Structure formats: C-alpha cells, structure tokens
Amino acid sequence: MLQNINLASIRQGRLAWLDQLVDTIDSHVSEISTTALYGISILSLVSVLVITYAIWLIYWHPLSAFPGDVVRWGPNELSFSTADAWKDIYDRRKDGKILVKDPNFYRVDDTVRAKHIVTTSDPEDHAQMRKMMSHAFSSKALLDQEDVIQHYANGLVDALYERCSGGPVNLVDFFNWTTFDILGEMAFGESFGSLKNRKTDSWIAIVLDGVKFTAWGVAINKLPFLVRLEQYVYPKHVLEAGHTHALQSKRKILKRADMNPARPDFASYILAKREALGITDWELAAHANALIIAGSETSATTLNGLFNYLTNYPDVYTKLKKEVRAAFKSGDEITAARAGSLPYLTACLEETMRIYPPIPNGMPRVTPPEGCMIDGRWVPGGTTVAVHMWAVTHNPANFKDPNVFRPERWLDKSEKADRLDASKPFLVGPRMCMGINMAWIEIRILAAKLVYYFDFEMVDKHNWCLGQECYTLWQKPVQYMVAKPAQPQPTPTVL
Ligand code: HEM
C-alpha cells in the first residue's frame with residue numbers, strides 16, 4: 001500500500017514535471033518559430049545552392065573532363081606536369097595566341113603592390129619595362145656585375161674562414177648576406193653591409209617576411225568576399241612586414257635617386273626613364289624590390305640546396321671537389337668563364353635546381369577567351385593554367401628516380417631516361433628570367449669558391465630541403481655545417 005502511494009506520487013510528480021517542460025517548449029516555440037523558420041529556410045536554400053554548385057563544378061563544369069596527369073586544382077585552374085606544356089603555356093606560340101599572367105595571382109595596386117616587371121599582366125606594358133631594363137642585363141653590364149660578385153664572393157670566403165673555427169656555421173645566413181649584398185649594390189647603389197657586419201641586416205629580415213605578404217595576398221584573392229576584410233585576415237606580423245618593406249624600399253630608392261654613382265646600377269636604367277614613362281615613386285620602389293628578391297633569394301636558395309645535396313651524397317661531393325680543385329691553382333683564378341667550363345659543376349647546379357627548384361610553384365597564366373590547345377588538349381577560354389615546377393621535375397614520367405640527386409643525368413644525354421627539358425627553373429618565353437646569365441655567373445663563382453676553399457659536413461645529417469614551408473619562395477630553416485679549410489686562407493678583401 002505504502003509502495004503504491006509512493007509510486008503514484010512519483011508518477012504524479014514526473015507528469016507534472018513533463019507538463020511543465022512541454023509548456024515551456026511550447027511558449028518558446030511560439031516565440032521563436034517565425035525567426036527560426038526564416039533561418040532554417042535560408043540555411044536550407046544556401047545549402048541546396050552550395051551543393052548544386054559543387055555538383056556542377058564536379059560533373060558539368062567545362063574542366064570536369066580533366067582527371068589524371070593534368071590536375072584540376074581549383075574550380076577553374078589546371079596544373080600540367082609534362083615537358084611539352086612549358087612551350088604551350090609560356091612560350092611564343094605558333095598560333096599567335098598569348099596566355100597573359102593571371103592578374104588574380106600577380107596582384108597590383110597603386111601603392112604597396114605597385115606593378116613592376118614581374119607582376120604586370122599587360123604584354124605591351126611588360127615589353128616596355130623589359131626594354132627599359134635590358135641595358136642592365138647586357139654583356140657589358142654583366143662584366144661589371146662579375147666584378148661585384150667576385151668582390152662579395154671573396155668577402156664570403158673571408159667570413160667563413162673567420163667563423164669556421166668557432167663551430168658550425170649556418171650556411172643560410174652566409175648565403176643570404178652575400179646574395180643580398182650583391183643585389184643591394186646593384187639595385188640601390190649600396191650593399192646592405194651584412195657580410196661586413198656578419199649580421200643579417202634588418203631590412204633583409206623584413207624582405208623575407210614581406211614575401212609572405214604576397215603569398216597571403218594571392219590566397220585571400222581566391223575568396224573575393226575576403227578582399228575587403230583582408231587587413232583582418234593577414235597575420236599581423238605579415239601585414240606589417242609587407243607595408244614596412246614597401247615603405248622602406250621607397251625611401252631607399254628615393255635616396256638612391258639623389259646619388260650619382262660612378263658605375264651604372266639597375267636603378268640608373270629605371271631612373272633614366274622615370275619621367276618619360278611616368279613611373280611613380282611606388283613603382284620605382286616596386287621595381288627595385290622585384291630585382292632584389294628575384295635576384296638574391298633565388299640564388300641563395302640554389303646554393304643552400306647544392307651544399308645540402310653535396311653533403312648528403314659524398315660520392316658526388318668527392319667528384320666535384322676533384323674537378324674544381326684540379327682546375328684552379330688558386331682561388332683568384334675562379335672566374336665565371338672558367339667555372340662555366342667545368343661540366344660536373346654545371347651538372348650539379350642543374351640537378352640542384354631540378355630537385356629543389358628555387359621557385360617551386362606554378363606561375364599562372366590565363367587562356368585567351370576563345371580557348372587554346374595545351375599539350376594536345378583543348379582548354380576552354382579564361383582558364384588559369386600553369387606548370388608547377390616541383391610537380392614537373394618530380395614526375396617519374398619526366399625523370400627516372402626523381403627523388404635521387406644524380407648530376408650525371410645532365411651529362412649522359414644519350415641515356416634518354418630523362419626529359420631534361422622538363423626542368424625550367426628560369427621559365428621559358430617572353431617572361432623568362434631576365435637575370436639568368438647573371439644568376440649563372442653568381443652561382444658558379446660562389447659554388448666553385450666554396451668547393452675549392454672548404455670541406456663541408458652537415459651537422460645532424462638530413463635532407464634539409466624536405467619539409468620546408470613555401471610562400472612562393474622557400475622559407476629556409478637554419479642549415480648548420482662544419483666548414484674545414486682545405487686551402488691556406490687568402491688575403492682578406494676589404495668590404
Ligand atoms: C637561381 C637564380 C634564379 C632563378 C631560379 C630565377 C627564376 C626566375 C623565374 C622562374 C622567373 C619568372 C617569374 C614569374 O614569371 O613569376 C624570373 C623572373 C625574373 N628574374 Fe629571375 N631567377 C634567378 C635569378 C635572377 C637574378 C640574379 C636576377 C637579377 C636581378 C633575376 C631577375 C629576374 C627578373 C627581372 C625577372 C622578371 C622577368 C620578366 O618578367 O620579364 N633573376 N626569375
């Protein structure tokens with residue numbers, strides 16, 4: 001009996017509690033129903049639209065027919081990794097069609113992203129800029145440039161002799177100091193003083209962070225609704241570096257404009273056309289920056305990559321040392337011409353730029369409105385296309401054992417196992433690197449001098465090139481090496 005009473009009261013209590021709950025929900029539902037209904041309807045509509053758009057992109061978009069070796073890596077973007085795609089996308093085409101640089105990737109504005117030779121999309125605009133700068137890359141200019149390169153190459157050797165007895169050296173710093181000092185002198189009329197001070201100039205640190213600013217800008221541009229909010233999307237330090245870098249470059253180039261250097265530098269040729277072509281101060285700064293980044297970071301990357309692979313492949317290193325040390329009786333004899341006649345050195349550098357391309361991503365172009373053929377396939381108009389440097393040089397269809405560092409593949413051309421023309425670290429066609437000759441002079445001299453003067457051993461031997469972050473250019477971590485002198489120290493150079 002007692003039990004029944006208790007059970008009944010419990011049941012009653014439960015029911016009361018449930019009644020209360022139902023009442024509460026009821027009142028809330030009636031309060032929010034209209035708003036919730038609207039919300040749910042809009043959400044459902046958006047979901048249906050997004051799903052329909054996604055299905056359209058996957059099954060009915062004109063590019064949906066591109067599976068396999070051509071990778072559709074964005075709704076309207078194709079990546080080719082065949083040797084033949086290079087000429088169809090970047091070179092002068094037989095059908096006269098021009099694939100311009102994709103303005104969504106090469107972003108420009110009137111201030112911190114002012115257009116320069118690398119970023120302008122308009123072919124006529126570009127041709128004018130290229131003409132303006134051509135004197136800076138003439139044979140005569142190259143002779144002067146070799147003097148500057150020799151000067152800093154000797155400075156690098158001195159700095160390494162000075163520091164190597166104190167323990168392992170971070171090669172990344174030493175190559176940055178050297179290549180940025182060379183380009184600083186060529187572009188702004190003065191070096192950054194990094195080699196002399198044995199310290200990375202603060203401007204260089206900002207330049208390297210500034211590279212991320214450009215890469216973030218490209219990523220943000222992929223979602224147009226983010227562009228207006230972009231200052232909130234960038235990481236704060238990247239945004240600051242991008243702006244500081246542009247402002248400091250403007251200050252530097254305007255200071256250079258007031259100087260009158262004895263030897264013409266890159267700035268001389270640009271300043272000479274400043275009025276005639278109506279080049280703004282921001283554009284002046286952008287040109288100088290483009291030259292410094294294009295010319296220094298890339299060469300430093302190649303040299304770091306070379307010494308990483310040499311120290312990981314002792315047989316290759318021994319063979320290269322033999323070639324270089326047999327060719328020269330003293331370090332002063334190392335000139336660009338003589339270093340250029342060493343086949344194994346050239347093969348080692350070619351192989352470095354294949355396996356660790358200084359600019360590893362694709363440089364996007366847009367197909368003309370009427371579409372065009374690329375590598376034997378029809379591609380509709382307005383499609384963004386590129387050959388991604390890393391993909392094409394690591395594609396086993398182009399290179400046998402693509403992850404193996406084997407300079408011999410560049411020497412034994414009868415082998416035919418490799419499509420050597422798939423590796424184009426300097427690009428091809430009218431937008432190809434303007435500094436290719438200077439780059440070869442620089443990397444040959446610097447590599448030959450270091451191979452001649454030192455024996456390097458990597459601390460904690462590993463493949464330093466793998467696993468690096470990339471923001472168009474590699475974010476290079478420290479690379480510590482033990483440097484043992486192999487020759488008596490030369491007379492130091494006054495920097
Ligand atoms: C190993 C070293 C180098 C590599 C791998 C390299 C690679 C490249 C690549 C791939 C481009 C095309 C970029 C694009 O279209 O977005 C380029 C353009 C350019 N590079 Fe280099 N570069 C190197 C060194 C240099 C040097 C030393 C200079 C001298 C300052 C230089 C000056 C330029 C210029 C002016 C352009 C723009 C050409 C144009 O659009 O007409 N580069 N480089």
Side-chain angles (χ1 to χ4, degrees), residues 86 89-91 99-103 105-108 115-138 141-142 145-146 148-149 152 175 178-188 211 214-215 218 265-267 269-270 286-306 336 346 349-365 386-390 392-393 423-447 472-474:
W86 279 118
I89 296 178
Y90 299 98
D91 221 341
L99 281 69
V100 294
K101 284 197 164 185
D102 181 358
F105 182 88
Y106 297 94
R107 281 182 74 181
V108 294
K115 67 177 176 185
H116 56 71
I117 182 148
V118 180
T119 53
T120 186
S121 296
D122 179 38
E124 277 180 31
D125 205 19
H126 170 257
Q128 201 174 49
M129 290 183 188
R130 190 129 177 153
K131 194 169 161 214
M132 167 178 83
M133 289 193 183
S134 59
H135 306 287
F137 297 97
S138 65
L142 275 179
Q145 284 158 7
E146 178 162 356
V148 177
I149 292 167
Y152 288 100
F175 284 135
T178 314
T179 59
F180 274 91
D181 271 0
I182 291 171
L183 255 294
E185 179 145 348
M186 286 181 185
F188 288 131
V211 167
T214 313
V218 173
D265 54 17
F266 292 155
Y269 303 106
I270 305 170
H287 279 305
N289 265 333
L291 288 167
I292 289 196
I293 297 177
S296 47
E297 214 281 339
T298 44
S299 307
T301 298
T302 308
L303 292 159
N304 272 297
L306 173 72
T346 302
L349 287 164
E350 291 274 20
E351 181 67 346
T352 301
M353 289 189 275
R354 177 195 71 79
I355 201 163
Y356 180 55
I359 304 182
N361 61 350
M363 279 139 274
R365 303 292 192 258
V387 176
H388 282 76
M389 204 81 86
W390 179 279
V392 76
T393 60
S423 179
K424 298 280 179 210
F426 296 96
L427 214 71
V428 287
R431 306 299 295 253
M432 175 183 186
C433 177
M434 270 193 107
I436 180 169
N437 295 329
M438 181 187 150
W440 271 109
I441 291 177
E442 189 175 359
I443 55 179
R444 277 191 174 121
I445 290 180
L446 289 169
T472 309
L473 303 171
W474 295 109

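Values below: all heavy atoms of this structure, side chains included; hydrogens, waters and symmetry mates excluded. Counting starts at 1 for both ligands and their atoms, in listed order. On a predicted model such as this, the values are computed, not experimentally measured, just so you know.
- Residue nearest to atom 9 (C) of ligand 1, selected from Ile359, Ile182, Thr352: Ile359 (by heavy-atom distance).
- Salt-bridge check for Lys115 with Asp125: passed, with a basic side-chain N closer than 4.0 Å to an acidic carboxylate O.
- Residue contacts with ligand 1 include Met432, since one of its heavy atoms falls under 4.0 Å from the ligand.
- Looking only at distances, a side-chain donor or acceptor of Glu146 sits under 3.5 Å from a matching main-chain atom of Ala336.
- What sits closest to atom 13 (C) of ligand 1 on the protein, heavy atoms only, is Met363 SD, 3.7 Å.
- Between Trp474 and Trp390, the ring-plane angle classifies as perpendicular under the 30° and 60° cut-offs.
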Could you walk me through whether Thr298 and Met353 pass the side chain to side chain contact (heavy atoms under 4.5 Å, CB included) test, one step at a time?
CA-CA 10 Å; Thr298 44; Met353 289 189 275; over 6 Å; no
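- An N or O contact shorter than 3.5 Å is missing between Thr302 and ligand 1 by distance.
- Closest heavy-atom contact between Leu183 and Phe266: CD1-CE1, 3.8 Å.
- Under 3.5 Å, the side chains of Thr214 and Arg107 contain no donor-acceptor pair of N or O atoms.
- Regarding atom 29 (C) of ligand 1, its nearest protein heavy-atom neighbour is Phe137 CE2, 3.7 Å.
- With hydrogens left out, the protein atom closest to atom 37 (C) of ligand 1 is Val118 CG2, 3.6 Å, a heavy atom.
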I would like to know whether Arg130 and Arg431 meet side chain to side chain contact (heavy atoms under 4.5 Å, CB included); could you show each step before the answer?
CA-CA 9 Å; Arg130 190 129 177 153; Arg431 306 299 295 253; 5.6 Å; no
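- Of the possible polar contacts, none joining the Gln145 side chain to the Phe137 backbone as a donor-acceptor pair under 3.5 Å is found.
- Using a non-hydrogen distance threshold of 4.0 Å, Leu291 registers as a contact of ligand 1.
- The contact set between ligand 1 and Leu427, taken as ligand atoms under 4.0 Å from a residue heavy atom, comprises 12 (C), 15 (O).
- Taking every non-hydrogen atom of His126 and a distance limit under 4.0 Å, the qualifying atoms of ligand 1 come out as 39 (C), 40 (O), 41 (O).
- Both the backbone and the side chain of Ile117 come within 4.0 Å of ligand 1, judged by heavy-atom distances.
- Considering only non-hydrogen protein atoms, atom 10 (C) of ligand 1 sits nearest to Pro425 O, 3.3 Å.
- Note that CZ of Phe188 and CG of Leu291 are 9.0 Å apart. Values are rounded to the nearest 0.5 Å.
- The backbone N or O of Arg354 lies less than 3.5 Å from a partner atom in the side chain of Thr393, making a donor-acceptor pair.
- Residues Met133 and His287 are in side-chain contact: their nearest non-hydrogen atoms beyond the backbone lie under 4.5 Å apart.
- The shell of residues lying under 4.0 angstrom from ligand 1, judged by heavy atoms, excludes Met133.
- A pairwise comparison of heavy atoms in Ser121 and Asp102 identifies OG-C, 4.4 Å as the closest pair.
- Scanning for side-chain contact (heavy atoms from CB on, under 4.5 Å) contacts around Asn361 gives Phe105, Ile359, His388, Thr472, with sequence neighbours left out.
- When only interatomic distances are considered, the shortest N/O to N/O separation between Tyr106 and ligand 1 falls below 3.5 Å.
- Closer than 2.8 Å to atom 21 (Fe) of ligand 1 sit the protein N, O or S atoms Cys433 SG.
- The shortest heavy-atom distance from Lys101 to ligand 1 is under 4.0 Å.
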